Q: 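Please read through the structure below; I'll follow up with questions.
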Amino acid sequence: MKLKIAVYNVEWMRNLFETDGSPTTTGKDGERSRQLAEVIDAMDPDFMGIVEGPNTLVSGAKTASAQLEAWTQHFIPSKAYKGIHGFPSAGQQELSAIYKPDKLKVLFTPVTENGKRFDEPFLVDTTNRLIKEQYEHYRPPLELSLLTPDGEFISRVIVAHTKSKGIFDMVDYARFEQISARDRLKLFAECMSIRDRCDTYLKKGQQVMVMGDINDGFDLDFYENKFSKSAVEILLGDTWSPELILKSVLPKPRLGSYGYTPNSSRYRDRITGDQINVLIDHILASQGLNFSNGKVWNPYLEKDDPIIQNLRTQLFNASDHFPVMVEIEI
């Protein structure tokens with residue numbers, strides 16, 4: 001059986017709900033929800049990691065999973081999606097997921113050992129100076145287990161939204177350099193924490209997928225040469241343990257006139273003012289998972305795919321990211 005596995009940064013989905021957690025059905029937000037729903041309906045994922053999902057309140061008065069279920073029931077009534085979420089973040093833009101309960105059983109299975117929890121501070125040496133510094137995940141990665149409906153284990157899944165490298169304050173060049181270096185170390189720390197969890201799973205003989213908006217890619221900027229590493233390559237794993245290396249479901253991006261191909265988003269460079277295409281949304285899978293047909297649902301790239309081309313307007317308007325999908329054979 002093949003499962004369609006996807007991840008989608010849906011861009012501030014909390015804006016698509018009323019204050020009581022019910023879906024907004026009118027106006028611009030209602031229209032964006034309809035376009036987003038048309039994309040998800042056409043993709044028809046069995047499991048989709050959601051980045052920038054609706055808010056979860058610490059009180060439990062509103063949860064991302066309950067709002068997602070209400071949203072899918074209204075806008076995609078033909079699909080009986082269930083929602084799931086994990087630890088709430090300190091702010092907004094929650095991590096969550098939707099899945100088809102007739103195809104999968106999905107459980108929130110976080111590690112709860114002290115010093116290992118994703119919702120607690122952790123120590124890590126990001127600069128190879130033998131000095132560990134304290135970091136924390138602003139949005140605790142979502143740890144899930146995928147099982148067949150009868151309970152057979154398939155894979156662990158970690159959905160992540162790691163530190164943005166964007167600088168949005170007014171700064172001089174010296175301060176810009178300082179913040180750029182700081183933000184990349186924070187990004188490295190978060191990915192080192194996630195990678196450590198992957199090693200824990202893999203050494204137990206379990207398969208694992210890491211997916212989400214990593215805010216980084218392969219060879220995307222000068223700082224990756226400065227620090228001799230990139231966040232995505234940290235997630236992929238150590239070449240000295242090749243059996244534990246994760247593989248991207250997408251081909252390595254190539255640098256061209258407009259940025260990278262394939263690409264899942266774009267940003268305006270603060271210094272040059274140019275729009276640059278980037279691949280920052282990823283699905284990384286362990287070697288025991290048999291995957292195929294990995295692609296970004298980007299209408300600029302998939303010119304021969306009639307489904308994607310028919311959704312050009314919806315894909316452009318639904319979010320500032322394009323979704324990524326792959327098929328897994330189980």
Side-chain angles (χ1 to χ4, degrees), residues 1-10 13 16-17 21 23 33-54 56 63-86 94-110 141-160 206-212 249 281-286 289-297 305 307-308 311 314-315 318-319 321-330:
M1 178 177 70
K2 285 189 176 181
L3 295 173
K4 294 181 180 180
I5 306 294
V7 67
Y8 200 174
N9 182 325
V10 292
M13 195 178 190
L16 305 182
F17 293 85
S33 272
R34 279 185 282 276
Q35 294 181 322
L36 180 62
E38 287 179 36
V39 172
I40 295 174
D41 191 25
M43 294 178 72
D44 192 29
D46 299 307
F47 173 93
M48 174 176 275
I50 300 290
V51 179
E52 297 194 19
T56 292
T63 65
S65 55
Q67 291 176 89
L68 281 171
E69 288 179 11
W71 186 88
T72 55
Q73 287 165 13
H74 182 86
F75 290 102
I76 320 176
S78 62
K79 308 275 180 26
Y81 281 117
K82 296 287 290 181
I84 192 167
H85 68 278
E94 298 289 353
L95 295 166
S96 48
I98 57 174
Y99 64 95
K100 294 179 180 177
D102 62 326
K103 291 287 192 71
L104 288 167
K105 181 184 292 185
V106 181
L107 306 176
F108 175 46
T109 51
L142 175 59
E143 294 179 87
L144 302 173
S145 293
L146 302 191
L147 301 90
T148 63
D150 59 4
E152 182 181 351
F153 178 80
I154 300 172
S155 178
R156 299 276 193 168
V157 172
I158 300 175
V159 185
Q206 299 175 344
Q207 302 306 315
V208 63
M209 286 181 277
V210 178
M211 63 176 65
V249 304
D281 301 273
H282 302 274
I283 299 177
L284 310 175
S286 57
L289 292 170
N290 183 15
F291 63 83
S292 60
N293 300 322
K295 69 170 63 175
V296 182
W297 276 52
D305 188 316
I307 297 176
I308 292 177
L311 290 168
Q314 293 90 328
L315 283 161
S319 173
H321 291 242
F322 297 120
V324 179
M325 191 160 75
V326 68
E327 293 180 354
I328 302 288
E329 182 77 40
I330 63 169

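Small disclaimer: the values here were computed from a predicted structure and weren't measured. Throughout, residue positions are numbered sequentially from 1 according to the sequence presented. As a basis for the values below, the full set of heavy atoms in this structure was taken, side chains included, without hydrogen atoms, waters or symmetry mates.
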Q: Should the heavy atoms of other residues, nucleotides or ligands under 6.0 Å from CD of E152 be counted, would the total exceed 12?
A: no
Q: After noting the C-alpha distance and the side-chain angles of Y99 and L146, does the key distance pass the side-chain contact (heavy atoms from CB on, under 4.5 Å) rule?
A: CA-CA 10 Å; Y99 64 95; L146 302 191; over 6 Å; no
Q: Between T56 and A64, is there a donor-acceptor pair closer than 3.5 Å when you use the side chain of the first and the backbone of the second?
A: yes
Q: Please test T72 against K79 for side-chain contact (heavy atoms from CB on, under 4.5 Å), starting from the C-alpha separation and ending with a verdict.
A: CA-CA 8 Å; T72 55; K79 308 275 180 26; over 6 Å; no
Q: Should F322 and D281 count as side-chain neighbours, where that means a heavy-atom distance under 4.5 Å?
A: no
Q: Any chance you could measure K295, atom NZ, to D305, atom CG, to the nearest 0.5 Å?
A: 4.0 Å
Q: May I ask you to test the Q207-N290 pair for a side-chain heavy-atom distance under 4.5 Å?
A: no
Q: Show the nearest heavy-atom pair for residues P110 and E143, with the distance to one decimal.
A: CA-OE2, 3.3 Å
Q: Taking the side chain as everything from C-beta on, heavy atoms only, tell me whether V296 gets closer than 4.5 Å to V324.
A: yes
Q: Using a 3.5 Å distance criterion without hydrogens, assess whether the side chain of E52 forms a donor-acceptor pair with backbone atoms of N9.
A: no
Q: Please round to the nearest 0.5 Å and tell me the distance separating atom CD1 of I76 and atom CD of E38.
A: 10.0 Å
Q: Quick one: do the R156 and S286 side chains pair a donor with an acceptor below 3.5 Å?
A: no
Q: For H85 and F108, work out which heavy atoms get closest and say how close.
A: O-CG, 4.0 Å
Q: State plainly whether the residues D41 and R34 are in salt-bridge range, i.e. N to O under 4.0 Å.
A: no
Q: Looking at every heavy atom in both V39 and P323, which two are closest together, and how far apart are they?
A: CG1-CG, 4.3 Å
Q: Begin from the C-alpha positions of L16 and V10 and carry the test side-chain contact (heavy atoms from CB on, under 4.5 Å) through to its verdict.
A: CA-CA 10 Å; L16 305 182; V10 292; over 6 Å; no
Q: Which heavy atom of P45 sits nearest to which heavy atom of Y81, and what is that distance?
A: O-OH, 2.7 Å
Q: Measuring from L311:CG to I40:CD1, what's the distance to the nearest 0.5 Å?
A: 11.5 Å
Q: For residues L95 and A160, report the shortest heavy-atom separation together with the two atoms involved.
A: CD2-C, 3.8 Å
Q: Looking at CE of M325 and CE of M211, how far apart are the two atoms once the value is rounded to the nearest 0.5 Å?
A: 12.0 Å
Q: Taking atom CG of L3 and atom CD1 of I330, what is their separation to the nearest 0.5 Å?
A: 4.0 Å
Q: Assess the residue pair K2 and D46 against the criterion (salt bridge (charged side-chain N to carboxylate O under 4.0 Å, His left out)); give the C-alpha distance rounded to whole Å, side-chain angles, the decisive distance to 0.1 Å, and a yes or no.
A: CA-CA 9 Å; K2 285 189 176 181; D46 299 307; over 6 Å; no
Q: At their closest point, which heavy atom of S145 faces which heavy atom of T109, and how far apart are they?
A: OG-OG1, 2.8 Å
Q: Could you state the interatomic distance from CE (M13) to OG (S33), rounded to the nearest 0.5 Å?
A: 6.0 Å
Q: Hey, does F75 have a side-chain heavy atom less than 4.5 Å from the side chain of L36?
A: no
Q: Go through the steps to decide whether F291 and E327 satisfy the test side-chain contact (heavy atoms from CB on, under 4.5 Å), and finish with yes or no.
A: CA-CA 5 Å; F291 63 83; E327 293 180 354; over 6 Å; no
Q: For atom NZ of K82, decide whether the heavy atoms of other residues, nucleotides or ligands shown that lie under 6.0 angstrom number more than 12.
A: no
